[in-house]
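Remember, predicted model here, so these are calculated numbers, not experimental data. Because only heavy atoms are used, hydrogens play no part in the values below, and waters and symmetry mates are left out as well, while side chains stay in. Every chain is numbered from 1 and lettered A, B, ... according to where its sequence line falls, protein lines coming before strand lines.
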Amino acid sequence: MRQFLYKMNKFSEINLDYSINSGQVFLWEKGVNTWYGINGSDVLAITPKSNQIRSFSENPMDIFRQGDNSKKIIQSITKDKVVKNAVKHFPGLRLLRQDPFQCYISFIASSNSNIQKIRLVLQNLCRKFGTKVRFDGREFYLFPEPGILAKAEESNLLACGLGYRAKFVKEAAIAVKSGSIDFEYLKKTNYQTAKESLVKIFGIGNKIADCIMLFSLEKLDAFPLDRWMIRVLQKYYSKKFPISSKTITEKTYEKLHNEIVHHFGPYAGYSQQFLFKMERELNEKKWL
DNA sequence: TACTAACCTGTACG
DNA sequence: ACGTACAGGTTAG
């Protein structure tokens with residue numbers, strides 16, 4: 001059994017419960033004082049009380065985005081009283097930086113689904129296709145590698161509960177394995193270019209592309225517009241961002257995104273996270 | 001180009 | 001109980 005220990009001094013300003021329970025990650029579970037999470041080929045154990053992060057891999061990703069100046073970012077997104085209120089109610093809510101492949105597959109699997117179901121499906125995928133490891137005295141399954149999912153039998157993907165998304169997942173994994181989707185390139189390039197690449201993948205539209213970019217590809221101006229965010233805009237921003245129906249067309253989506261970034265600025269994605277969290281909590285939606 | 005229905009699957013509601 | 005609506009959308013027509 002291997003394990004690496006890191007100290008983390010920022011837990012006083014990060015609220016892990018808020019951050020994990022805000023719809024951005026799915027493969028996390030809470031122990032007594034410790035959160036356990038799968039991030040690609042890594043397993044993390046986080047104990048806020050002792051400022052400890054333990055990881056399965058030697059050089060874990062900086063999932064907490066410690067390089068971000070959160071004070072400055074929050075100041076920057078607080079453009080109106082709605083966001084101000086959300087920030088006030090959920091102090092310490094942060095965007096997490098995820099393993100890109102896991103994030104990409106997770107959100108493809110999320111389409112037209114709900115959080116409980118998405119979690120179940122992703123756990124099934126890991127159990128069936130991921131490597132089993134022992135860590136912190138427990139068993140975990142790592143997230144499957146692109147090559148494994150690329151050559152998976154569709155029947156095995158279906159058995160995980162993916163439904164019609166099974167072929168999306170397989171095609172998406174093939175695109176990564178073959179190099180036509182290159183996450184390192186997508187990280188470096190701009191929002192528009194990355195988005196154009198992602199929406200070419202069968203099963204990825206505007207919303208899912210925005211999730212992947214915001215949560216794993218350093219595009220903090222991505223602002224996923226799902227049903228909840230449409231509700232938020234209709235409820236609090238009907239003057240600023242008028243929307244007629246509950247579903248929006250591709251063109252409307254793009255137009256809205258431009259206006260949103262114009263309003264909230266380059267860290268618009270952070271504002272989305274606070275607004276999403278706020279509205280889901282108001283409606284008492286479950287996270288786990 | 002713009003709008004609608006269909007889509008796997010589980011659960012909540014009447 | 002059993003049918004229907006809906007869920008963190010996308011695609012095909």
Exercise. Rounded to the nearest 0.5 Å, how far does CZ of A:Arg119 lie from CG of A:Leu122?
Worked result: 9.0 Å
Problem set entry | Nucleic acid contacts - residues 149-180 of chain A versus DNA chain B, non-hydrogen atoms under 4.0 Å | A:Gly163, A:Tyr164, A:Arg165
For this session: Inspect the surroundings of CD in A:Gln192 and state if more than 12 heavy atoms from other residues, nucleotides or ligands are less than 6.0 Å away.
Result: yes
Problem set entry | Value in whole Å for how far the P atom of C:dC6 lies from CD of A:Gln116 | 18 Å
For this session: Using atom NZ of A:Lys200 as one end and atom P of C:dT11 as the other, report the distance to the nearest whole Å.
Result: 14 Å
For this session: State whether A:Arg119 places a side-chain N or O below 4.0 Å from either non-bridging phosphate oxygen (OP1 or OP2) of C:dA7.
Result: no
Exercise. What is the distance from CD1 of A:Ile248 to P of C:dT10, rounded to the nearest Å?
Worked result: 10 Å
Exercise. Starting at CG of A:Asn112 and ending at P of C:dA5, how long is that distance when rounded to a whole Å?
Worked result: 15 Å
Problem set entry | Base-pair map of DNA chain C as dot-bracket, where | denotes pairing with a different strand and pairs are Watson-Crick or G-U under 3.5 Å | .||||||.|||||
For this session: Provide, to the nearest angstrom, the distance between the CD atom belonging to A:Glu254 and the P atom belonging to B:dT1.
Result: 12 Å
Exercise. Could you give the CG-to-P distance, from A:Asn114 to B:dC13, as a whole number of Å?
Worked result: 13 Å
Problem set entry | Nearest to side-chain heavy atoms of A:Lys207, which nucleotide of C:dT11, B:dA2, C:dG9 | C:dG9
For this session: Check the side chains of A:Gln273 and A:Ser22 for a donor-acceptor pair under 3.5 angstrom, ignoring hydrogens and angles.
Result: yes
For this session: Rounded off to whole Å, could you give me the CD1-to-C1' distance for the A:Ile118 and B:dC8 pair?
Result: 13 Å
